Every structure is written in structure tokens, then in C-alpha cells.
There are 2 protein chains.
Amino acid sequence: MCGIVAYLGHREACPIILKGLHRLEYRGYDSAGVALLNGDLTVYKKKGKVSDLEAFIAEKNTHANVGMGHTRWATHGEPNDENAHPHYSTSERIAIIHNGIIENYAALKTHLQQQGHVFHSDTDTEVFVNLIEEIQKQNHCSLEEAVRLALHEVVGAYAIVVLSKDAPNQLIAARKGSPMVIGIGEGEFFIASDATPIIEYTNEVVYVNDYEIAVIRDGQLEIRSREDVSQTPYIQKLEMELDSIEKGGYPHFMLKEIFEQPRSILDSMRGRLEIEASHLNMGGIRAYEQKFINAQRIIIVACGTSWHAGLVAEYLIEDLARIPVEVEYASEFRYRNPIITERDIVIAISQSGETADTLAAIELAKSKGATIFGICNVVGSSIARATDAGAYTHAGPEIGVASTKAFTAQVTVLTLLAMIMGQKRGTITDTKLRELMVELETIPAKVTKALELDAQILEIAEEFKDATNFLYLGRGYNFPVALEGALKLKEISYIHAEGYPAAEMKHGPIALIDENMPMVVIATRDSSYEKVVSNIQEVKARKGRIIAIVSEGDTVIPAMAEYVIEVPHTSEVLMPLVSVVPLQLLSYHIAVLRGCNVDQPRNLAKSVTVE
Amino acid sequence: MCGIVAYLGHREACPIILKGLHRLEYRGYDSAGVALLNGDLTVYKKKGKVSDLEAFIAEKNTHANVGMGHTRWATHGEPNDENAHPHYSTSERIAIIHNGIIENYAALKTHLQQQGHVFHSDTDTEVFVNLIEEIQKQNHCSLEEAVRLALHEVVGAYAIVVLSKDAPNQLIAARKGSPMVIGIGEGEFFIASDATPIIEYTNEVVYVNDYEIAVIRDGQLEIRSREDVSQTPYIQKLEMELDSIEKGGYPHFMLKEIFEQPRSILDSMRGRLEIEASHLNMGGIRAYEQKFINAQRIIIVACGTSWHAGLVAEYLIEDLARIPVEVEYASEFRYRNPIITERDIVIAISQSGETADTLAAIELAKSKGATIFGICNVVGSSIARATDAGAYTHAGPEIGVASTKAFTAQVTVLTLLAMIMGQKRGTITDTKLRELMVELETIPAKVTKALELDAQILEIAEEFKDATNFLYLGRGYNFPVALEGALKLKEISYIHAEGYPAAEMKHGPIALIDENMPMVVIATRDSSYEKVVSNIQEVKARKGRIIAIVSEGDTVIPAMAEYVIEVPHTSEVLMPLVSVVPLQLLSYHIAVLRGCNVDQPRNLAKSVTVE
């Protein structure tokens with residue numbers, strides 16, 4: 001992952017860079033550093049968060065009008081001062097920041113060591129900067145040319161910015177696979193991994209494309225291809241409000257985002273569900289309507305929480321539109337020679353729209369002729385740009401690393417998509433469709449009601465905060481919800497939690513059950529309710545401690561479960577949007593009670609832009 | 001689950017029943033009991049294993065020529081003396097043993113309590129026997145008739161035997177959904193959940209069908225339908241050797257079965273892989289060859305370990321035969337209105353051939369016109385009989401509750417199936433097919449070599465035996481192997497272990513990694529090797545402890561991993577057959593070192609005949 005920021009202009013570079021790094025900290029926060037160009041080329045870097053770096057440089061001379069900074073999520077080498085970015089070349093005349101992975105770094109490193117380059121870190125990045133230096137030395141060429149030639153030798157993904165002591169008023173940047181946006185101000189330029197470090201200075205931006213090199217020099221931005229052909233930058237206007245990336249009174253972004261869900265779900269339906277006109281509408285599919293109607297198979301590719309939204313969509317689309325759906329881990333899909341035809345539709349789901357595994361899966365599916373439909377939250381993101389068509393989730397920026405409102409927004413959009421497909425294909429009756437539309441409209445209010453359970457859930461969290469393991473069970477539409485509940489707990493509390501389809505318990509995992517094993521069972525009143533009750537009996541017979549999520553008014557399960565959380569009832573098809581809410585709150589409270597950093601859990605980063 | 005045995009004849013019933021219960025203990029072992037008919041109807045029952053029951057009745061009078069016994073796997077009510085079977089009716093004139101679940105027991109119980117019946121246990125079974133008594137009282141009818149009428153009122157699954165004090169020389173049995181076989185000797189009869197309690201007395205057996213009632217009386221067996229129509233019993237000859245169900249010098253069945261794999265894999269290929277003639281052959285598909293060639297989609301339904309074999313098959317079939325495959329949890333498949341057409345093939349995988357969830361999924365798929373292909377180990381099992389076609393795995397009886405040799409046998413059969421389909425469909429070249437055939441023939445020898453790692457694996461087990469959690473990672477063909485390795489550890493050592501596709505780690509689970517978290521990574525040399533190495537780097541950077549399964553001669557990973565297990569190299573397609581072996585041994589040794597009952601892990605039963 002990693003976040004990068006760079007500045008060139010008339011202001012002090014360092015404060016702008018540090019503020020930008022704070023905004024990008026969701027992308028990684030195990031170490032951070034800055035390089036400043038002020039006659040000299042100075043690097044300060046430190047293991048830890050951006051605030052640690054700030055403390056470290058507080059007393060140093062940071063005066064400079066050109067500089068760059070990096071917040072890291074380790075891929076090669078553990079988080080420590082040496083492995084932090086920026087990295088110098090051996091001569092210390094060039095410095096680099098890098099987001100991505102260089103896959104052939106080992107071979108390059110051996111070669112460079114033979115040429116006399118000395119390495120101080122375990123990173124692939126330090127290899128990159130020395131490669132540039134070596135090329136420049138061998139070819140007696142400009143830094144820009146050396147960077148360009150180096151890009152032909154590295155295999156992998158990168159967004160880089162390079163500074164050189166010998167070019168005191170220049171930024172060179174390049175990108176392949178990792179995101180990069182350039183902000184254009186009045187005689188000043190900003191480079192960053194996303195637009196958040198830029199928006200308070202300018203709303204004019206250029207998204208750099210793969211294999212492009214940007215050179216900022218003499219108040220000008222020039223973009224050239226790796227083949228050295230000049231490109232015309234496409235300048236876009238940003239629409240983003242600063243407010244939306246602040247905490248708004250909540251102790252954590254995650255809690256803010258959980259509580260935003262009634263609004264974010266509504267936003268993701270806005271203009272799509274027209275209840276009075278009894279009309280459903282999704283701009284993104286209009287041009288591909290026939291493709292959707294005639295689709296032979298739908299393949300959903302995604303990772304993590306988005307993959308769980310994909311699993312919900314499998315139930316939704318098969319149920320309402322009667323098209324076979326296969327949900328794939330994007331990373332596995334890519335490497336297993338998947339069967340895709342031109343009659344297939346691939347739906348790619350990603351909050352950030354930058355998930356590298358998902359992007360790679362899209363490229364593969366494209367090459368086989370499938371129609372690609374993207375569901376992203378971040379407007380203008382790489383996936384949004386790489387797909388044939390798509391729908392934004394409009395959940396607003398999600399800053400908490402553990403995804404919450406993005407999940408419910410994805411499920412909302414997928415529900416609308418399944419309903420539209422069912423309608424077009426005639427696999428759902430008008431009555432049923434109308435019923436679902438009416439019910440869908442009530443979901444924001446039902447989520448609000450589920451959020452009122454917060455105090456009760458905090459009590460349960462207090463009871464279970466010291467648990468070392470958890471199991472989550474559900475069936476049908478609630479099975480992916482169980483997986484998602486377990487993932488949330490894992491991500492932010494570091495408790496080993498695992499989700500299972502309830503009936504699979506007896507095929508192995510039930511061996512784990514004893515009086516110390518808490519189990520969260522989602523047992524809302526639906527078609528598999530009776531079976532889930534049997535599964536609860538089996539667990540209870542082995543003394544497992546049961547927390548049950550049930551429909552309001554359930555009288556059977558309260559007699560069996562130790563704790564019961566009653567959520568508003570809704571259609572089986574829409575239940576994930578409601579039943580996931582208490583699980584989000586449960587993991588949030590447990591993590592806070594354990595003293596974990598909820599918004600920036602260890603080892604994780606918000607947007608996984610390496611494969 | 002539960003195991004049932006009954007006897008009627010000229011010998012002492014009790015020793016035969018107890019011996020039979022020992023054989024059936026793989027089906028459940030949380031409590032056991034017997035009922036003996038000797039003028040009086042006496043019930044002895046006890047929480048614990050069959051040996052506890054034996055100790056309990058050692059001094060009692062057990063003389064009788066008619067009797068029945070039960071070994072229980074709890075579904076309703078915790079394991080204790082009261083909930084053990086057999087259960088008396090309120091008058092204590094009737095007794096029952098039952099394997100299955102009565103879903104509408106709660107309503108029936110309320111009604112019976114109103115009629116004055118008194119209940120001593122929490123079981124659904126006690127409701128069943130009182131229902132029979134009540135019906136007999138109301139209708140003044142025979143016991144046989146009362147049983148028949150009761151079957152019309154219960155909803156669920158059952159294999160029952162009923163004894164009555166008023167019919168001193170009679171056994172009544174009935175079945176729906178749970179297995180039952182009747183052995184016919186010289187003037188004596190045996191009833192059991194499978195044939196193992198019967199084979200040393202007779203090889204003539206009748207498999208009872210759903211909704212049939214068997215009455216043994218006056219030296220005669222009569223079978224009638226629930227509608228009271230007489231049925232002609234189909235008497236089959238059993239082919240089973242007693243030796244194969246004994247331990248053969250190993251401390252546990254599980255270890256014996258792990259070490260049997262070179263032979264069992266060979267047995268599962270026997271007659272199917274004819275290397276000299278360069279010919280592949282599988283009797284079961286011959287009549288359905290065109291269906292396989294033209295299949296639009298293949299849906300695999302299974303549970304537990306068999307589900308993992310199904311995931312391997314997804315890679316195999318998509319890779320070699322280029323037909324889209326969907327792998328489903330049988331329990332989920334059944335309840336989600338799946339899309340199946342007559343052009344689809346459903347492959348059902350089950351070691352026992354009795355898995356209730358899988359059987360139910362087959363029935364649903366059948367009703368939609370799909371062709372059903374079964375892969376079972378137990379000959380004559382319910383799934384083998386319910387499918388259109390199939391292939392036995394021929395792994396021999398598997399007694400250890402944690403499945404090992406059945407998994408590799410399933411994968412072997414699925415590999416052969418994928419190769420045959422690839423050949424018939426022309427999606428695999430002759431050269432490639434020939435290469436795979438030659439390589440497949442070497443697998444038993446390679447598994448033998450992998451088994452030689454036993455001593456090294458024991459050392460690793462000693463190092464990690466006190467771990468509380470484990471993660472297992474793999475990509476591609478080795479991803480299902482990671483799931484299977486984790487399941488094995490869970491089942492027998494009660495350590496919370498979880499499998500993941502390696503690249504998914506960074507989308508959440510990597511938050512769990514710290515210096516206490518052992519991680520097993522399967523990183524044999526295949527198409528995703530480089531990527532797995534990157535994933536190892538990510539984990540190592542967070543100080544996770546790595547145990548890597550690698551191909552012989554790997555020089556890269558030993559520099560990163562704490563422990564390295566080198567397995568013989570083979571084709572990527574066949575690797576699961578080899579790479580799973582060290583994982584089986586690792587879980588076995590860890591469980592033994594922790595003092596767990598390896599062959600009969602807590603809460604589990606071998607063959608899951610309840611949904």
C-alpha cells in the first residue's frame with residue numbers, strides 16, 4: 001500500500017507534506033519519512049506513525065520549497081528506520097519514494113552490488129533508486145532519461161517520485177499499477193496517492209496513467225510515455241468536500257462511518273429507487289442492458305469485505321435474476337486460468353477502486369472479452385476507469401481501515417442491480433418487485449433502529465472482550481454476514497474469529513466448541529430459521545456461549561442463547577443490510593475495550609495496492 | 001449421527017450389541033445404552049463411551065436373546081445419563097433407539113404432556129416413543145400399526161428400533177433419511193447403522209429404504225411401506241473384510257489411515273489408469289459420456305473435507321476440461337433456490353455416502369433434472385444408491401473421525417475424472433495427458449516419500465503443540481489444501497486454525513499476525529510461487545512464525561521460514577495429493593502431544609447423518 005506526497009512551489013513544503021501524510025495514513029502507518037530539497041537533499045525518516053516523524057523532526061531545519069514524503073505499509077523488510085522511505089541512492093544525490101512492489105529486485109540487487117552499490121535496507125525500493133543512479137552513470141544522461149530507462153528494467157508495480165540534488169527545482173514521478181494524482185495550483189504542484197492531500201489547495205488534478213512519466217520543472221508539468229512520447233495531460237475538476245474526511249465528533253472514523261449508514265445506504269439508492277414512479281434506474285447498466293439480460297454467467301471478483309458483498313450478491317442475483325453466479329477471490333481468479341466468454345459479465349467490487357488484485361483480475365477478464373462492471377466507492381479510481389460500465393456506491397470517503405459503510409453501500413447497489421436484472425429478465429413478478437422496493441425504502445430507518453442497540457452491544461462487548469477466539473454462524477443470506485462479522489473482529493481486535501455456514505459446524509469446526517468459545521449466530525426469521533435453531537441446539541449441547549442476532553419478537557431463541565440482540569425484521573433478501581450492523585458495533589466496542597487502534601489496525605492498510 | 005444396533009435370535013444379545021456399538025462408535029460417543037427384552041424390558045444407559053457403559057453393566061443381569069443398543073452424538077439436550085438412549089415411553093412398556101432429528105418435537109411434546117405423558121429427558125426421541133404409545137392407546141392397535149401411524153406425524157429424519165414388553169419376540173424398525181441395514185443369519189437377525197456390526201455373523205443384508213418399516217417376528221423379516229403395502233426385501237451379499245476395520249499395529253486409526261495412503265491412492269486408480277495402454281477408464285461415466293462432454297456447468301456439492309476435495313476439483317476440471325465449476329456447501333445449496341438445468345452435472349462427494357446435507361442436495365438437484373454423479377467411499381451407501389452414476393474411491397473403511405485417506409482418494413478420482421473429461425472434450429493435448437498419466441502413476445511413491453518426513457514433522461509439532469491459533473496459507477491448487485490442513489488441526493487438536501488464500505491475508509487476516517502466530521504456508525514450486533514468496537515476506541515483516549511446505553531443493557524460502565518441510569516435487573495439478581500429507585501428520589502429532597483423543601475427537605462424529 002503506502003501513501004506518497006510531494007510538493008513543488010512557493011510555500012514551505014514540509015508542513016504540506018506532513019498534513020498530506022496524515023490524510024494518507026489509512027494507506028499504511030508503520031513508518032514515515034520526508035526528503036527535502038534546499039540546496040542539499042535531506043532525508044528524515046522514522047519507524048512509527050506520521051506523528052512520530054513529526055516529533056522527530058520538530059527541532060530540525062526543514063526549510064524547503066520542494067520535497068516529498070511517504071507513509072509505509074511494509075512489503076519487503078520489517079518496519080524500522082532503515083526500511084522507511086525515502087531511500088537514498090549510494091551517492092546520496094538521488095532520493096526516491098515508492099508505493100508498490102518490484103518483483104525482480106533480488107536479481108537487480110545482485111547486479112548492482114557487483115557494480116559497487118551499497119545497500120542499507122531490505123527494501124526493493126532501495127534497489128530501484130540505485131538502478132536509476134547506475135543507469136545515469138552508465139549513460140551519462142539526464143535523471144529523467146535514467147528514470148525512463150529504469151522503468152524498462154523493473155517488473156512489478158510502482159508509483160514513485162524521485163528528487164535529485166543536481167536538479168534543485170524538479171520533481172519526477174512515474175506510475176504503473178499504483179495510484180497517483182497530480183494537483184495543479186497557481187505556480188505550484190502536488191503529487192499524491194489520492195486527492196485528499198490536495199483538495200484544500202486546488203481542485204484541478206491529473207490522474208497519471210500506467211507507464212507514464214511526469215516531469216515538473218520550471219513551473220510546467222510535462223507527461224511522457226515510457227517510450228518517450230509526449231502526452232497531453234487530461235485535467236479534471238475534483239468534487240470533494242473537506243468535511244467529509246474529518247471525524248465529526250466521533251471518537252473514531254469507524255464509529256462515525258457505522259453511524260453514517262442510514263444516510264450512506266440512502267445515498268447509494270438515491271436516483272436509483274424511485275418508489276412513487278415504481279421505477280428502478282441504474283445509469284451504468286443502460287448501455288449494457290442486453291448483455292445483462294442475456295448473460296450466461298456472472299463472475300464476481302473482489303477481495304476482503306468486498307468479497308463478502310459479492311457473496312451476498314450471489315444469493316441476490318441467483319434468487320431474483322436466475323443467472324448462475326460465481327464469486328471469486330480476485331487473487332485466485334487471476335492465477336487459475338478461469339473460463340470466461342464474451343457472454344459472461346464480470347462484476348468487480350472494490351471500495352477504493354485501487355485494489356491491485358481486483359484490477360489485475362479485470363485486465364485478465366477484459367482480455368477474454370467479458371463485459372466488466374465495476375462497483376467502487378472512490379470516484380475516478382483506477383477500477384472505475386478500467387471497467388466498461390459501473391455504478392458508484394456513493395457512500396462518501398471511508399477512512400476507517402475496517403470497511404463498514406462501504407459494505408452496506410455495496411450490498412445496496414448489488415440489491416438494486418439484482419432487482420433490475422430480475423425485472424428485465426422477467427424472473428421476478430411485479431408484485432414481488434414492488435414489495436421489495438417498498439421494503440428497501442424502509443432499510444435506512446431499520447438500520448437506524450439497529451444502531452439504537454449500541455448500548456446493549458457495548459455491554460455484551462464488555463462480557464466478551466477477553467475472549468481469544470470467536471465463531472460466527474449464519475445460513476443463506478446471513479452466511480456472508482457471518483464471514484463479514486468475523487473479519488471485522490479479526491481486523492480491529494486481533495481476536496481470531498472465523499465465520500462458517502451454520503450447517504458446516506458439525507463437519508469439523510464443532511470440535512472447537514467448549515465453555516470458553518463464544519459463538520455469534522445470526523438467526524433472523526427466514527427460510528432456514530428452523531435449521532439454524534437445530535444448529536444452536538447442537539452448540540448449546542456442548543456448552544458453547546451463544547450471542548444470537550434475531551428478528552424482533554423471537555420467542556424461541558431467547559430461551560437458548562446467553563445474549564440476544566433483536567434487530568428489526570425485514571425481507572430475507574434485504575436482511576444482510578440490517579443484520580451486519582450489530583456485528584460491526586460488537587467488533588468496534590470489543591476492539592476499543594481491548595485498547596486497539598480501531599481506525600488504524602496493525603499490519604493493515606485501507607487500500608491494498610499490491611498483489 | 002448416532003449408531004444403532006439390535007439383535008433377535010438364539011444367542012446372548014448383549015455382547016453382540018456391545019461389540020457392534022464399539023464398531024459404530026465413529027458415529028458418536030457421548031453416551032450409550034442398551035435395552036434388553038427378557039420377560040422384562042430393561043434399559044441401562046450412561047453418559048460416556050461404550051466402554052463406560054460396559055463397566056456400568058458388568059455386574060448386572062444382562063441375559064436376553066432380544067435387545068438393542070445406541071451410541072449417541074447429541075443433537076437435542078446435552079450428553080448425560082437421562083438424554084442417553086434407549087428411551088422408555090411413560091408406561092415403560094415400550095423403548096426406542098433413534099438416529100436422526102424430529103423437527104416438530106416441540107409441538108408434539110406439548111400435546112403429549114396434555115395427554116399426561118411425563119418426560120425425563122430433553123430429547124426429541126422421548127417424544128417419538130410417547131407418541132407411539134399414545135397412538136396405540138387411542139387406536140387400540142398393534143405396536144406395528146402404532147409405529148406406522150406415528151411416522152405420518154413426525155417431521156424429520158430417523159432410523160429407529162422399537163421394543164415392547166408386550167411383544168417379547170419382536171423387533172420393529174423404520175427409516176427415513178438415516179441409514180439402516182438388516183443382517184439375516186440362520187434364525188437370527190441384526191439391525192445396525194452400517195454393516196460393520198454384522199459382518200462377522202452373516203454376509204446377507206437388506207438395506208432399508210426411506211419410509212419403510214421392518215418387522216422381525218417369528219423368525220421372519222417383513223418389510224412394509226408407510227402406506228402399509230408389503231415390500232419384497234432385496235437381499236444383497238456383503239463384501240467386506242474384518243481385518244480392514246482393525247488398527248493393524250498403529251496407535252490410532254488416523255495414523256494407520258495416513259500411512260495407508262500410498263496404497264489407497266493406488267487402489268483408487270486401479271483399473272482406471274492404464275499407463276501401458278495409455279488409457280483412462282472410469283466405468284461410472286460410460287453411460288453418461290455425452291452428458292459430461294456437453295455439460296454446461298458442473299456443480300459440486302459436499303461438506304467438510306469432501307468440500308475441500310471439491311475445491312481441488314474446481315481447479316482440476318476448469319483447468320483440464322474447461323467447464324465452469326461451482327463448488328457449494330451442500331447445506332447452503334439446498335436452501336438457496338439454486339439454478340440447475342438438465343444440462344448441468346452435479347457431483348456429490350461424501351466418504352460415508354450417508355451425509356444428510358449432501359443427500360438432501362442430491363434430491364433437490366434430481367428434482368430439477370440434473371445428472372447426478374456420486375463419489376463415495378462406502379459401497380452401497382445411500383448416496384451411492386441415490387445417484388445416477390458414480391465412482392467409488394476404494395480407499396477402504398475409514399474409521400478415524402478426521403478424514404485423511406478418503407480425501408486423497410477423492411482427489412485422485414476427481415483428477416482422473418477431469419483428465420478423462422479433458423480428453424473427451426479435446427481440451428487437453430495428448431502429450432500433456434500422457435505426461436499427467438505418467439506423473440500420476442508416481443504419486444503413491446511420492447506420498448511414501450512425504451510420509452518419511454514423519455520424524456521431522458514430530459519435532460515441529462513439539463515446538464508448536466501449545467499454540468492457541470494457527471493460520472494456513474496456499475494459492476491455486478494449494479489453497480484447498482490449506483483449508484484442509486486447518487480443518488484437520490481444528491478437528492483433532494481443538495486449536496483454532498484457519499485456512500486462507502495467501503493473497504487474501506492482506507485484506508484483513510494479516511492483523512492477527514504477531515510473534516505468537518504460527519503460519520503454515522504451502523509454497524511448492526508452481527505458477528504462483530513468486531507471489532507466495534511475496535506473501536511470506538509480508539508475514540515475516542510482521543514477525544509471524546512460518547512453517548513452509550516447499551518443493552525439494554527450494555533455496556529461496558529456507559532463508560525466510562523458521563521451519564521448512566520439503567516434499568517431492570510433482571506437477572502443479574497433482575500437488576494436493578502430496579502437499580496435504582505433511583499437514584495431516586502435523587495435526588496428528590500436535591493432537592497426540594496435547595493428549596487429545598485423535599480417533600474420536602470431542603463433539604464430532606464420522607458420518608453426519610443429520611442436517
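Naming convention: chains lettered A, B, ... in sequence-line order (proteins, then strands); numbering from 1 in each chain. Worth saying up front: this structure is predicted, and the values here are computed from it rather than measured. What's counted below: heavy atoms across the whole structure, side chains too, no hydrogens, waters or symmetry copies.
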The interface call for A:Lys543 against chain B, heavy-atom contacts under 4.5 Å, is side chain
Is A:Ser493 close to chain B through its backbone or its side chain, or both, or neither, when contacts mean heavy atoms under 4.5 Å?
neither
B:Lys368 NZ: over 12 foreign heavy atoms closer than 6.0 Å:
yes
When the 4.5 angstrom heavy-atom criterion is applied to A:Lys531 and chain B, the contacting part is side chain
Closer than 4.0 angstrom, basic N to acidic O: yes or no for B:Asp30 and B:Arg602?
no
A:Asn337 portion near chain B, given a 4.5 angstrom heavy-atom threshold:
both
One thing to verify: whether A:Lys490 and B:Glu498 come together as a salt bridge, which I'm taking to mean a side-chain N less than 4.0 angstrom from a carboxylate O.
yes
Need one label for B:Asn80: side chain, backbone, both or neither, based on atoms under 4.5 Å from any heavy atom in chain A.
neither
With side chains defined as the heavy atoms from C-beta onward, is the minimum distance between B:Tyr472 and B:Leu483 less than 4.5 Å?
no
Rounded at 0.5 Å granularity, tell me how far CG in A:Asp357 sits from CH2 in A:Trp307.
13.5 Å
Step through it carefully: locate the ring centre of B:Phe479, locate the ring centre of A:Tyr329, and say whether they are under 6.0 Å apart.
yes
Please look at B:Leu512 and chain A and tell me whether the side chain, the backbone, both or neither of the residue comes under 4.5 angstrom of a heavy atom of that chain.
both
Count the heavy-atom pairs under 4.5 Å between each of A:Lys540, A:Gln296, A:Arg297 and chain B, then report the option with the highest count.
A:Arg297
A:Glu538 portion near chain B, given a 4.5 angstrom heavy-atom threshold:
both
With a 4.5 angstrom heavy-atom cut-off, is it the side chain or the backbone of A:Asn83 that approaches chain B, or both, or neither?
neither
Name the region of B:Tyr500, side chain, backbone, both or neither, that has any atom closer than 4.5 Å to a heavy atom of chain A.
side chain
Between A:Ala302 and chain B, with a heavy-atom cut-off of 4.5 Å, which part of the residue counts as in contact: side chain, backbone, both or neither?
backbone
Apply side chain to side chain donor-acceptor pair (under 3.5 Å) to B:Thr305 and B:Ser403, showing your working.
CA-CA 7 Å; B:Thr305 289; B:Ser403 184; 4.9 Å; no
Selection from A:Cys303, A:Ser306, A:Gly304 maximising heavy-atom pairs under 4.5 Å formed with chain B:
A:Cys303
Rounded distance [0.5 Å steps], CG in A:Asn597 versus CG in A:Leu604
11.0 Å
With only heavy atoms counted, which part of A:Ile299 is less than 4.5 Å from chain B, the side chain, the backbone, both or neither?
neither
In terms of heavy-atom pairs under 4.5 Å with chain B, which of A:Pro324, A:Ala402, A:Pro338, A:Ala330 leads?
A:Pro324
Using non-hydrogen atoms and a 4.5 Å limit, figure out which bit of A:Ala497 sits close to chain B: side chain, backbone, both or neither.
backbone
Quick check on B:Glu530 against chain A: is it the side chain, the backbone, both or neither that has a heavy atom closer than 4.5 Å?
neither
What part of A:Val539 lies closer than 4.5 angstrom to a heavy atom of chain B: side chain, backbone, both or neither?
neither
Quick one: what part of A:Tyr105 sits under 4.5 Å from any heavy atom of chain B, side chain, backbone, both or neither?
side chain
When rounded to the nearest 0.5 angstrom, what is the spacing between CD1 in A:Ile101 and CD in A:Glu103?
7.0 Å
Considering only heavy atoms, which portion of B:Val556 lies under 4.5 Å from any heavy atom of chain A: side chain, backbone, both, or neither?
neither
Is there a donor-acceptor contact under 3.5 Å from the side chain of A:Asn603 to the main chain of B:Ile510?
yes
Chain B contact via A:Ile340 - side chain, backbone, both or neither, heavy atoms under 4.5 Å:
neither
Regarding B:Glu318 and B:Arg322, does a basic nitrogen lie under 4.0 Å from an acidic carboxylate oxygen?
no
Strictly by modelled atom types, are B:Asp319 and B:Tyr477 linked by a side-chain donor-acceptor pair under 3.5 Å?
yes
